[in-house]
Structure formats: C-alpha cells, structure tokens
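Note sheet for the following structure.
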Amino acid sequence: MTLATIPRYDRSRVDEIGDHAVVVGASMAGLVTASVLADAFTTVTIIDRDQLPPDPDTRRGVPQAIHPHALLSAGRATIEDLLPGCTEDVISAGGVITDFSSDVHFYDEGGFLANGPTRTETISVSRPVFEHVVRERVSGIDNVDIRSNCHCADYLLDDGGTTVEGVRIRQDGKRSELRADVVVDATGRASRTPAWLENHGYTPPAVDEVQIDMAYSTTFVERPADDRRTYLCPPASPRTRGGMAAPIDGDRWIVNLQGIHDETPPTDRKGFVEYAASLPVPQLKQLLDEHRWATTDIEYYPFPSNRRYRYEALDRFPDGLLVVGDAIASFNPVYAQGMSVAALEALVLHHRLADGRDDLARRFFERVAPTVDIAWNLAVGADFGFSQTEGPKPRGTAFFNWYLGRLLRGAQTDGVLTDAFVRVLMMERPPTTLLRPGILRRVLTPRWRPGGSEQTRLPDHQQEQPSSTGGR
Ligand SMILES: Cc1cc2nc3c(=O)[nH]c(=O)nc-3n(C[C@H](O)[C@H](O)[C@H](O)COP(=O)(O)OP(=O)(O)OC[C@H]3O[C@@H](n4cnc5c(N)ncnc54)[C@H](O)[C@@H]3O)c2cc1C
C-alpha cells in the first residue's frame, strides 16, 4: 500500500486503549510510531541507549546519519499529517524544498528524465537536522517521554510466556523494569527480536536477504543559497558505480558516491574526484571542482544486503509486542525508502489502533506487509537488474525491469512518463499505476510520445548506451 491507498491520519478515530506503551529506539521509526501511540495510551515512553543530542548531530546508534537521507513525498506528507509543522521547522533549520520536476536531474537508462508536468515537492535536509526536528515535535506531545542513555536489555514476558508486559532496562548503571501494555521494537536493522523469539520458544520470522554489497562515500561542498540542483545517478546494470548530490542545510550540497557488488567508492579526495569523473554525468565532478569543500572528511558506509523479516507469516507471536521500521525491513539506501516506509507503517498502526488492542500485532503485521512489499519489490527488483545480485527474487521481476527500462527510456523525452515513474518512486502511488492504459500506450508505442516537446530537458552530458535487454 502507498500514500494513495492508506486512509489519511484522523486522530478522532482512536480512543484510549491502554495505560502505557514503550517504544525501544528513538530514531525515525520509533519517533513516528510513538506519535500515533500517544493517541491510544495514557503515556508513551521512548527509550534509546544513546545520549540523544540537544542539537542536530550524529550519534552512535544511527551511524548512517552522515550519509544522504532523502525523504520521499509519501513520507513527507505522512509525517506532516502526524506531526503538523515539521516541514516549516525543517525549512527554518535550513532544509530546502525541491521539486522533482524542475530541481531534480535523474539519470537512468542512458539519459536524464524529461521534466514532468506536475510538481512533486519534497524536503532536502541532512538526516541529523531532520531527526532533530521530528524528535522535538514528538517530545512536545504532552504524554510522550523520551529517555536517553536507556538500554533495553530484555522484554518482560508473563508467566504463561504469551504476553510481553514491558522491558528490562539499564539506565545510568542501574537496572530496572518498565511495565507496559505494548512494547514496540524500533531498534533498527540489528533488532534482537528474531533471536529473542527463538530463545523463548517461538518460531522466529523467516528472513529474505538479497545480497548487493553496496557501499557509500560521502562528503559536503558549499552551495549558493538559492541553488537547488539535485543530481541522481544510481548504479544501473552493468554500471556498478553511481552518485548523487542534493542541497541541504548549511548552504551545502551533500555529495555521495555509490558502488554496488564490491565496487568501493574511495575515501581520499583525489580518488573521490576521479570516481565522480568516471560517472556518465559530469555534474558531480563539476560540483566538486567548482565549489569549496565544506569538510576534508569523506565518510564510508558499507551496506551488504536488503533484509526483510516475514513477521506477517508467523502463526504465533506474543501479545503486547510490535516491530517497526528497519527492524522489519531495510532496503538498499539508494532508493531512499526507509524513513518513508516507517512513516507509512505508523499510519497503518494508527488505523489498527482505532480498532482496539485485541490481536494488535497480527492485524498490524498483516496490513503493513503490502506497504513493505511495494518498497521491497521496487528496491530488490531494481537490484536484480545486476546478474551478481543473489537472493529470493520477487515474482514478475524480469518483466517489471524490462518494462521499467522501456518506460525510463521513454521518460527521457516524455514528461508524462517521468511523472508516472516519480509518483511510484515517491511511494505516492502503487507500481500498478505504471500499467494504466494511458501510460502503457506511451511506453509501448513511442509515437504517442511527444519527443522534443517543451517538457523535454536535453541531457548535456556524455551519453551512456542503454542496455539492449532493458535490464536496469
Ligand atoms: C547509508 C544509509 C543511507 C540511507 N539513506 C536513506 C534515505 O535516503 N532515505 C530514507 O528514507 N532512508 C534511508 N536510510 C534508511 C534509514 O536510515 C532508516 O530507515 C531509518 O533510520 C529508520 O530506521 P529505524 O528507526 O527503524 O532504525 P535506526 O535508524 O537504525 O535506529 C535504531 C535506534 O534504536 C536504538 N537502539 C538500538 N538498540 C537499542 C537498545 N537495545 N535499547 C535502546 N535503544 C536501542 C539506536 O540507538 C537507534 O536510535 C538509509 C540507511 C543507510 C544505512
């Protein structure tokens, strides 16, 4: 499910259904989840083992935060509904509103996509600023308490072994317990819930792992305040190198180089520039050459695999426990889905809370799976464009990749196709909308395309040969 297919947040639908909910993890998934739990529980406590910084800053528990974190429009709209005012706060903190159709230059299948006919706005900001803004908004909710330096050591299970009744914590060297009606695991990709389930006699969820051996190197350059240019050139088979640049707070561009399947983007300045020069778009190297670097640091991050736990398929799961965010699924970061999926999951949870506490986990996992499916199939589907990608391949991947390759080549001259693609990429609409007759006709019958219309942005870069199979 996408933004278009999940009903909008409506606080009046939810009654109080319990005294206390505990959320473990105060990163993006934990924060947005706590915001919807606050409608249904007298008190919500979010705990995080990190000392949460008073100002926007990186921290140990979210090591990926120095790297680019694009927020898809579905995530932005959902977070704005859940926490009104976030967008304004981000802009006040130096974030930049970008329009995909005019500010974003997306390169794929050998060319830049043409401008789309409609605006698709999103906010471009560094992850520490965004997390800080969301944390401030959530901490401003009367019945939400956020505790730093509070490590969850274990879940508390009732004598019958069927219900989680709270968490065992370690805070400031002291051990204690927090009793709760509902505990939410928002501890990210390294979640211990699968192992915990196994240790307590439950079958752990099956895991789908799609190996991509992805790596990021990231730095920052100075940016004129009104320059919102964004370049996206993700790796696309057979090209294992990619890169992007986006405007962020502090009048900077974040410049990020990517390598998939053991391609390693360098962390020294000379190597970084040479790697940028090897991409089919010259603009990233130009940014690095023409603008002063805002730092001498180049940060590296390896990301081995897409990983998804199939909680929705479990027959038995303890009452009182939920799992959200990266702890359910983490995706190749190039597709920028994680925070938006977490927001959509919170929206799904909101609607499940409206139906009370009975059987909450089963109802939540069942309804969240279609949202995760869409993000998962888009991410791993594209990753399977590389023959080196290993793991369970979603049904229909070969056809979808063939079709999408054709659509993207068409979108280089047809802004209507760009628009259709961007709505899906942004998780606003489901991928099936790409098969609607009006789109299908433009994809399969090039004479329907307006080649060379005023919507067309002519690429001023070195051309790359589209792959003959249409594989991405
Ligand atoms: C390199 C990279 C780039 C990315 N780029 C994007 C992007 O462009 N757009 C996007 O939407 N997403 C992106 N993501 C994904 C995004 O970072 C996550 O989806 C997002 O942070 C939500 O994750 P989460 O809240 O589930 O977990 P995390 O962000 O991993 O946070 C887990 C939290 O749990 C806490 N914690 C862990 N264990 C315990 C414990 N025992 N007790 C108490 N606290 C605990 C940690 O301190 C941390 O705060 C990227 C990821 C990576 C790796």
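In listed order, ligands and their atoms are each counted from 1.
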- Query: With backbone taken as N, CA, C and O and side chain as the heavy atoms from C-beta onward, which portion of S330 lies under 4.0 Å from ligand 1: side chain, backbone, both, or neither?
  - Reply: neither

- Item | H69 (side chain) donor-acceptor with H67 (main chain) under 3.5 angstrom | yes

- Query: Of all the non-hydrogen atoms in the protein, which one sits nearest to atom 43 (C) of ligand 1, and at what distance?
  - Reply: R49 N, 3.3 Å

- Message: I'd like to check whether A70 has a polar contact with ligand 1, where a contact means an N/O of the residue lying under 3.5 Å from an N/O of the ligand.
- Response: yes

- Count the heavy atoms of every other residue, nucleotide or ligand shown that sit under 6.0 Å from CG of D268, and state whether that count exceeds 12. yes

- Of the listed options M427, M339, H151, Q51, closest to atom 10 (C) of ligand 1 (non-hydrogen atoms): M339

- Message: With a 6.0 Å cut-off (strictly less than), is the heavy-atom count around CZ of R229, excluding the residue itself, greater than 12?
- Response: yes

- Query: Under a heavy-atom criterion of less than 4.0 Å, does C150 contact ligand 1?
  - Reply: yes

- Quick one: does ligand 1 sit under 4.0 Å from the side chain of L71, the backbone, both or neither, non-hydrogen atoms only? neither

- Task: Please determine if D89 and R137 form a salt bridge, counting it only when a charged side-chain N lies under 4.0 Å from a carboxylate O.
- Result: yes

- Message: Please check whether R59 reaches ligand 1 - meaning an N/O of the residue sits under 3.5 Å from an N/O of the ligand, judged on distance alone.
- Response: yes

- Task: Tell me, yes or no, whether the heavy-atom count around R11 atom CZ, taken from other residues, nucleotides or ligands under 6.0 Å, exceeds 12.
- Result: no

- Message: Tell me whether S27 has any N or O atom under 3.5 angstrom from an N or O of ligand 1.
- Response: yes

- With rounding to the nearest 0.5 Å, note down the distance linking OH in Y309 to OG1 in T193. 9.5 Å

- Note on the structure: of all protein heavy atoms, closest to atom 22 (C) of ligand 1 is D326 OD1, 3.8 Å

- Query: Can you check whether V62 has an N/O within less than 3.5 Å of an N/O in ligand 1?
  - Reply: no

- Query: Nearest protein heavy atom to atom 5 (N) of ligand 1, by residue and atom, and its distance?
  - Reply: P68 O, 3.1 Å

- Query: Does T42 use its side chain to pair, donor to acceptor, with the backbone of H20 at less than 3.5 Å?
  - Reply: no

- Query: In terms of side-chain geometry, is the basic nitrogen of D181 or R357 positioned less than 4.0 Å from the acidic oxygen of its partner?
  - Reply: yes

- Message: So for ligand 1, is G30 a polar contact partner (N or O within less than 3.5 Å, distance only)?
- Response: no

- Minimum-distance protein heavy atom relative to atom 24 (P) of ligand 1: A29 CB, 3.8 Å

- Can a salt bridge be assigned to the pair D172 and K174 using a cut-off of 4.0 Å between side-chain N and carboxylate O? no

- Query: Nearest to atom 35 (C) of ligand 1, what protein heavy atom do you find, and at what distance?
  - Reply: D48 OD2, 3.3 Å

- Is any NZ, NE, NH1 or NH2 atom of the basic residue among R179 and E165 found under 4.0 Å from an Asp or Glu carboxylate oxygen of the other? yes

- Query: In terms of atom number and element, which parts of ligand 1 are under 4.0 angstrom from non-hydrogen atoms of Y301?
  - Reply: 1 (C), 53 (C)

- Item | Atom indices of ligand 1, in the order listed, that fall short of 4.0 Å to a heavy atom of A186 | 32 (C), 33 (C), 34 (O)

- Task: Ignoring hydrogens and angles, tell me if any N or O in the side chain of T5 forms a donor-acceptor pair with the backbone of M1 under 3.5 Å.
- Result: no

- Task: Mind checking whether A65 contacts ligand 1 via backbone (N, CA, C, O), side chain (CB onward), both or neither, at a 4.0 Å heavy-atom cut-off?
- Result: neither

- Message: Give me the residue, atom name and distance of the protein heavy atom closest to atom 2 (C) of ligand 1.
- Response: P333 CB, 3.5 Å

- Message: For atom 27 (O) of ligand 1, what is the closest protein heavy atom, and at what distance to 0.1 Å?
- Response: G188 CA, 3.3 Å

- Among all protein non-hydrogen atoms, which one is nearest to atom 21 (O) of ligand 1, and what is the separation to 0.1 Å? R127 NH1, 2.7 Å

- Could you tell me whether H69 and ligand 1 have an N or O pair separated by under 3.5 Å? yes

- Query: Would you say ligand 1 has an N or O under 3.5 Å from any N or O of V324?
  - Reply: no

- Message: Out of all atoms in ligand 1, which are within 4.0 Å of some heavy atom of G325? Include the element for each.
- Response: 26 (O)

- Task: Number the atoms of ligand 1 from 1 as they appear, then name those within less than 4.0 Å of a heavy atom of Q64, with their elements.
- Result: 1 (C), 2 (C), 17 (O), 21 (O), 29 (O), 30 (O), 51 (C), 52 (C), 53 (C)

- Per-atom contacts, ligand 1 versus V24 - under 4.0 Å to a heavy atom: 42 (N), 43 (C)

- Message: Distance under 4.0 Å to a non-hydrogen atom of G338: what atoms of ligand 1 satisfy this?
- Response: 10 (C), 11 (O), 12 (N), 19 (O)

- Any nitrogen or oxygen of C152, main chain or side chain, under 3.5 Å from a nitrogen or oxygen of ligand 1? yes

- Query: With a cut-off of 6.0 Å (strictly less than), are more than 12 heavy atoms of other residues, nucleotides or ligands near CZ of R363?
  - Reply: yes

- For the pair F317 and F365, evaluate ring-ring contact (aromatic ring centres under 6.0 Å, His included) and give the outcome as yes or no after the intermediate values. CA-CA 11 Å; F317 194 78; F365 290 136; 5.1 Å; yes

- Item | L71 side chain reached by F130 side chain, heavy atoms, under 4.5 Å | yes

- Query: What atoms in ligand 1 come closer than 4.0 Å to a heavy atom of A336?
  - Reply: 7 (C), 8 (O), 9 (N), 10 (C), 11 (O)

- Of all heavy-atom pairs between V24 and C152, which one has the smallest distance, and what is that distance? CG1-CB, 3.5 Å

- Find out whether the Lys NZ or Arg CZ of R241 is both under 6.0 angstrom from the six-membered ring centre of Y275 and within 45° of the ring's axis. yes

